[in-house]
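Here the structure is laid out as structure tokens; the discussion comes afterwards.
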Amino acid sequence: MPKTFSEKLLAWYKLNKRDLPWRHTRDPYKIWISEIMLQQTTVTAVIPYFERWIKCYPTMKSLAAAGEQELMSSWEGLGYYSRVRNIHKAAKIMVRDFEGNVPDDPKALIKLPGFGPYTVGAVLSIAYGLREPIIDANVRRIVMRLHAIKGKADASVDVKILPWIEKTLPRGQMSEFNQAFMELGALICSRQPQCLQCPVKEFCRAHDKGVQDEIPEPKKVSYIDVEMVAAVIRHGDKYYIQQRSGKGVLSGLWEFPSSELLKGESSLGAAKRLMEEQRCDDCSRITKLGLVRHYYTNHRVKLHAYLCDVNSLPEEDLIHRQVILAQMKEFAMHSGAVKIAEKLG
DNA sequence: AAGCCGGGGAT
DNA sequence: ATCCCAGGCTT
């Protein structure tokens, strides 16, 4: 009796799986947190954040009771900050409606903020062992190769591959199986696949045809280049920072006042203009701190940082603060601002 | 369906 | 320098 796809995959996983923090638990709360952190984020980036998070917020109730700013600081540097706001909202709902438990019902889960098709399936299978499919970037790439489906790896191929995934799911060992699927994509069936080591190559049509390197087709990215200036406004040992508000990019994070360079404007000229806009007309000295590169999504930002010594800082309010360097780490800042702040130490 | 939303590792 | 990552939300 030849071994099935899932038998082969599970046997390989048992021998080759990485030792990752969230594989030491079946606590649905912790599995959920790991799944949100891992969205569009590499395992190595997540590990330290996950460890710290579980120490700070070991339970659903401790998370629901935490403050928004505190959570933003815990997330600082991980990116996609709407994730942490959705985690907080969902935790409050789960405390209110589900006694602080993660529901094991797909219809209830999908209604919670931050739970899409992937995360619902991941929590249900990995934490509860339910027979639910998941399609992440790994699974999508693997199944496209298994069936030699050409094209880009986007969600539009999911309808084609889902039937095969569903009929291939094993009875039992679902927590292991779905993780094994993703692990295969991370370790073997990666961008440049290691087909010789693949435990399921006998099921792979792309391997048969020798086209595994052409699937999936790379998606073309177009960058938007932006040049900005940031004013580090200082009086004595106090610095002036502001919070990005509302919606849009990096919303809720703190930063130094900044502005995009106007057409033909020099960075120093922009810094002086920015100081006028901040009503800082008493600037006694302005010196360049350096150039910081800040890349996010499809933006490539060159951020010119200027240190501006003033005789009096602008007034404080809800979204503007005067802080000393030691206090600054209590305010969640985006990576561009953090890189500038590091120049002040 | 397509665009938005971060940051850093891998190549 | 480019591509991508245990996706979800909005339009």
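Quick note on labels: first sequence line is chain A, next is B, and so on, each numbered from 1. Please read all numbers here as calculations on a predicted model, not as lab measurements.
The gap from the P atom of C:dG8 to that of B:dG8 amounts to 23 Å, rounded to the nearest Å. On the P atoms, B:dG3 is 23 Å away from C:dA6, given to the nearest whole Å.
Counting non-hydrogen atoms under 4.0 angstrom, A:Trp32 reaches nothing in the nucleic acid. Backbone-only engagement by A:His334 is indicated by non-hydrogen atom pairs under 4.0 Å involving sugar-phosphate atoms exclusively. Using a 4.0 Å heavy-atom distance criterion, A:Ala137 is classed as a sugar-phosphate-only contact. Nucleic acid contact for A:Arg141: sugar-phosphate only, since backbone atoms but no base atoms lie under 4.0 Å from a heavy atom of the residue. Within 4.0 Å (heavy atoms only), A:Gly248 reaches sugar-phosphate atoms of the nucleic acid but no base atom. At the heavy-atom level, A:Arg300 lies under 4.0 Å from the strands shown only through sugar-phosphate atoms.
Between A:Lys8 and A:Glu202 there is a salt bridge, with a side-chain nitrogen of the basic residue lying less than 4.0 Å from a carboxylate oxygen of the acidic one. Between A:Lys272 and A:Glu276, none of the side-chain N atoms (NZ, or NE/NH1/NH2) sits under 4.0 Å from a carboxylate O, so this pair counts as no salt bridge.
Under the 30°/60° scheme for interplanar angles, the aromatic rings of A:Phe181 and A:Trp164 are found to stand perpendicular.
Between the side chain of A:His334 and the backbone N or O of A:Ala337, at least one donor-acceptor pair lies under 3.5 Å.
Phosphate proximity of C:dG7 to A:Gln40: present, with a side-chain N or O under 4.0 Å from OP1 or OP2. OP1 and OP2 of C:dC5 both lie 4.0 Å or more from every side-chain N or O belonging to A:Arg191.
From the 5' end on, the contacts that DNA chain B makes with chain A at under 4.0 Å to a non-hydrogen atom open and close at B:dC5 to B:dT11.
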Taking only distance into account, with no hydrogens and no angle test, what donor-acceptor pairs under 3.5 Å do side-chain atoms of residues 205-219 of chain A form with protein atoms, sequence neighbours excluded?
residue, atom, partner, partner atom, Å
A:Glu217, OE2, A:Lys152, NZ, 3.2
A:Lys219, NZ, A:Ala153, O, 3.3

